[in-house]
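What you see below is based on every heavy atom in this structure, not just the backbone, and it leaves out hydrogens, waters and symmetry mates. We count ligands from 1, going down the list as the structure has it; atoms in each ligand are counted the same way.
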Amino acid sequence: MTEEKMLDLLDEADKMRSFSHSPYSRFAVGAALLCTDGAVYGGCNIENASYGATVCAERTAVFKAVSEGHKDFAAIAITGGPSAASADNPCPPCGICRQVLAEFCDPDELSVILRDAGGAPVSYTLSELLPLSFTEESM
Ligand code: THU
């Protein structure tokens with residue numbers, strides 16, 4: 001993916017981040033999930049007074065896409081940071097979100113796009129972030 005496309009997807013994640021419901025952590029996260037057919041699904045973190053009911057931005061995006069018939073993903077951009085500020089630091093996906101992404105993609109093919117510490121786009125494959133993932137082949 002070109003740097004321009006990565007920046008576009010990070011911008012989309014920033015837009016989604018503005019919808020974050022995070023009154024407890026005050027840490028707002030946004031995600032933009034690019035499907036192989038070009039559709040983009042966004043998500044934000046949605047917290048709950050019963051903290052364990054919180055869902056991360058990435059899973060919000062994945063569940064929106066899958067529930068609308070999209071299961072083939074090319075890339076996901078993630079931005080996050082304290083709610084009061086812009087998301088300039090890397091916000092890597094949590095372990096549960098990595099596992100959920102692994103359910104729906106070839107981990108060598110899915111790009112996870114973050115901002116690096118200087119704000120520039122950086123891309124990892126899911127297999128770099130979640131080696132030896134547990135999948136249906138493991139069962
Ligand atoms: N969070 C995400 O949305 N995605 C991640 O991958 C890491 C954490 C959210 C969950 C919670 O609302 C807040 O960030 C602080 O953990």
Side-chain angles (χ1 to χ4, degrees):
M1 189 185 286
T2 63
E3 178 149 329
E4 195 185 348
K5 286 233 159 73
M6 291 198 280
L7 283 167
D8 285 349
L9 211 55
L10 285 164
D11 283 350
E12 197 57 33
D14 279 336
K15 277 186 208 149
M16 296 301 143
R17 183 175 175 260
S18 69
F19 301 123
S20 168
H21 176 73
S22 42
Y24 306 105
S25 71
R26 299 186 194 285
F27 189 88
V29 184
L33 180 66
L34 175 67
C35 304
T36 51
D37 64 4
V40 175
Y41 284 87
C44 61
N45 55 329
I46 305 170
E47 297 186 346
N48 192 280
S50 175
Y51 294 175
T54 291
V55 65
C56 290
E58 300 90 320
R59 274 176 287 150
T60 302
V62 170
F63 296 156
K64 282 170 66 180
V66 173
S67 64
E68 294 189 26
H70 286 81
K71 286 198 209 175
D72 296 317
F73 306 141
I76 185 166
I78 306 160
T79 65
S83 313
S86 58
D88 294 332
N89 288 312
C91 182
C94 80
I96 299 173
C97 290
R98 294 178 199 204
Q99 178 65 29
V100 167
L101 286 164
E103 179 73 17
F104 297 106
C105 68
D106 174 342
D108 292 323
E109 296 298 326
L110 184 85
S111 301
V112 179
I113 299 162
L114 310 176
R115 287 203 180 95
D116 70 14
V122 58
S123 178
Y124 301 89
T125 63
L126 186 63
S127 52
E128 287 177 297
L129 300 182
L130 188 69
L132 201 66
S133 58
F134 184 82
T135 65
E136 64 178 337
E137 279 84 48
S138 320
M139 296 178 73

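In this structure, T125 contributes its side chain and D108 its backbone to no donor-acceptor pair below 3.5 Å. Distance alone, capped at 3.5 Å, places no donor-acceptor pair between the R26 side chain and the A84 backbone.
Closer than 4.0 angstrom to ligand 1 by heavy atom are S25, F27, V29, N45, E47, T54, C56, A57, E58, P92, P93, C94, sorted by chain and number.
Among pairs with a residue in residues 48-76, none fulfils salt bridge (charged side-chain N to carboxylate O under 4.0 Å, His left out), at least two apart in sequence or across chains.
When only modelled atom types and interatomic distance are considered, N45 and S20 share a side-chain donor-acceptor pair under 3.5 Å. No hydrogens or angles considered: a donor-acceptor pair under 3.5 Å links the side chains of E137 and T135. Side-chain contact of S50 with N48: a donor-acceptor pair under 3.5 Å is absent, judged by distance alone.
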